[in-house]
Amino acid sequence: MGIFRKKPPAPQLSREDALNCIPVKSAAIQASHTPEGVVRLHYPLVLKPWIAELAQRFSGTQYTPPSRQLELDELGSLTWDLINGKQTVRDIVRQFSSQTQVHPKEAEAAVTRFLRELGRRGIVGMAPGRQTMGGGNA
Amino acid sequence: MPETDPTMPHSVRDAKPFAWAGIALTIPKEWETSQLDHGYALLEYQYRPVLELKTATIRGRFSFQRHLKQLARSGHKRSSPQLKLTSRPPAWPEFPAPAEVQTFTWQGAHIGGQGLLVYCHHCHRATLIQFFAHGDGGRDAIPRVLASFKDHDTQPAPTLAVYDIQATLPERFSLTRFQFDAGRFELVYGHSRETVTLWRWSPANVILERCGQKLDRVVRDNGLLPPAVLVEDGRPRDRGMEWQWQPKDYRSRLRTFFGKRTQRPGHALRIWHRPDTNRILAVRAEGIKTFNAFDRICTSYGNL
């Protein structure tokens, strides 16, 4: 009966903890700069395990997962270049804000949405960053 | 509204205006707008909340207990924090009549602080202000912030001063719609048949590059003008462009038919680029009685 048991909800990160995470690029990504100065990403498509298993069985030769290509715009390329596996989301937001003269709150919204989208495609992952001293909203 | 202490140190360089939902304050420069809603504002300092503001016009008789509970429950939190009424801290300024004030301490699930409820008998507005205690020195700013509190007669202070924009509109206008997206702000003010819309885009260099460095492309791509007006070239204004046109609705035609000599309300749009702040600003006025009023709004609209 264990498989029908409702999964416990994943623990939700506070905003402060989320900003302290460190975005890390996936090793499977190939990034290149176009002549226009924007970043082009080649990334393998993340398949559900059972679809990947089926594809593996039915493909006669060595199976390679399908890949996709994503061209970032100017601001996306700037954010991509700021991801170095050491800087936290907060650091990236600060640098993005100062480099583009965008309001810090807008920079936070834009960068976090961008990282969430890259995370959904399996292009970046989040490593836990510096621990904080609690806090948050009432 | 409160009596300010003239001996209080107040550096204009370290402060900036904040105005939203009819409430005007002077806040430390490091405080940033975090969330806005109708009658609601949350300010933060270094990604942590410092001030929450809830305001509403009270119809009927005002009751401190009832409206304190109502306002504390409203807003973005489902549960209201525990409140404990206290006497006014000595450093806080006095609010003279016709304002009534009740101070309190509050405690939420993770954090607490101090606060006050102000009710003005003149404008019938009740405002709940809650300060968050983080133990990082933000408490020093509270008396100065409270001393600058205004809930009516905010002129000549700006009508709007949030995020990085500020504008002064004639008092008859009220905010009807707003949208704050990353890169694009839009606020619509209205009064009777007059409408004023404010826009702000950022970063301007990226937007202008996409639009071939042409502001009229920004106007066209964002649908700021009716197609019939857009075919005309805008008049160049300093670092921007302006269009003025007459409405072609039935009221305007009737006015022409009866040969009315009174001044016809007009429409206008001005868009300009601020390279110093890397912003593009635009104001559109519809049904405005005089273009002088439009000009004054445009002049007042800028970056904090």
Side-chain angles (χ1 to χ4, degrees), chain A residues 11-21 34-39 71-82 87-117 129-138, chain B residues 30-36 42-49 52 72 75-83 106-113 115 130-136 162-165 180-185 200-207 209-210 274-279 303-304:
Chain A
Q12 280 205 333
L13 277 180
S14 70
R15 180 180 171 219
E16 194 134 341
D17 290 338
L19 286 169
N20 283 330
C21 285
T34 65
E36 294 81 36
V38 296
V39 171
E71 195 167 295
L72 306 177
D73 65 1
E74 306 92 319
L75 300 175
S77 302
L78 170 65
T79 315
W80 177 260
D81 289 338
L82 291 173
Q87 298 205 93
T88 61
V89 176
R90 188 192 302 255
D91 297 334
I92 292 171
V93 168
R94 279 204 189 115
Q95 286 192 38
F96 181 90
S97 172
S98 66
Q99 287 189 26
T100 58
Q101 287 181 282
V102 161
H103 188 270
K105 193 71 193 167
E106 283 180 286
E108 186 191 328
V111 168
T112 51
R113 196 168 56 197
F114 175 72
L115 291 175
R116 206 178 301 132
E117 183 57 34
R130 293 187 289 266
Q131 289 300 307
T132 55
M133 297 290 288
N137 294 354
Chain B
E30 304 81 33
W31 292 13
E32 294 292 353
T33 312
S34 175
Q35 284 178 38
L36 295 173
L42 181 69
L43 305 182
E44 64 180 25
Y45 170 60
Q46 292 186 343
Y47 303 98
R48 300 168 94 181
E52 190 173 41
H76 289 217
K77 313 278 182 308
R78 280 185 193 165
S79 59
S80 63
Q82 285 186 343
L83 304 177
W106 63 275
Q107 186 58 53
H110 304 290
I111 198 166
Q130 283 174 262
F131 293 98
F132 292 71
H134 292 297
D136 51 7
V162 293
Y163 293 109
D164 58 353
I165 53 169
F180 296 105
D181 294 324
R184 184 183 189 271
F185 294 171
R200 194 228 68 176
W201 293 271
S202 132
N205 59 339
V206 173
I207 293 160
E209 202 176 303
R210 286 177 192 165
R274 289 276 307 264
D276 54 331
T277 54
N278 204 16
R279 305 280 190 264
N303 292 113
L304 281 171

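Letters A, B, ... are given to chains in the order of the sequence lines, protein chains preceding strands, and every chain is numbered from 1.
Here the side chains of A:R15 and B:Y47 are in contact, with some heavy-atom distance below 4.5 Å.
For a residue to count as touching a neighbouring chain, one of its non-hydrogen atoms must lie under 4.5 Å from one of that chain's; by this rule B:E209 touches chain A with the side chain only. Residue B:F180: no heavy atom, backbone or side chain, is found under 4.5 Å from chain A. Using a 4.5 Å cut-off between heavy atoms, B:D181 contacts chain A through its backbone alone, with no side-chain atom that close. Interface remark: B:D276 contributes backbone atoms only to the contact with chain A (heavy atom separation under 4.5 Å). Of the atoms belonging to B:T33, it is backbone heavy atoms, and not side-chain ones, that fall under 4.5 Å from chain A.
A donor-acceptor pair under 3.5 Å is formed between the side chain of B:N278 and the backbone N or O of A:T100. For B:R279 (side chain) and A:Q101 (main-chain N/O), a donor-acceptor pair under 3.5 Å exists by modelled atom type.
Nearest heavy atom pair, residue A:K105 against residue B:Y163, reads CG-CE2, 3.7 Å.
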Salt bridge (Lys or Arg N to Asp or Glu O under 4.0 Å) evaluation trace for A:E106 with B:R200: CA-CA 12 Å; A:E106 283 180 286; B:R200 194 228 68 176; 2.4 Å; yes
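Partners of B:E32 by side chain to side chain contact (heavy atoms under 4.5 Å, CB included), not counting sequence neighbours, listed by chain and number: A:H103, A:P104, B:K16, B:E44.
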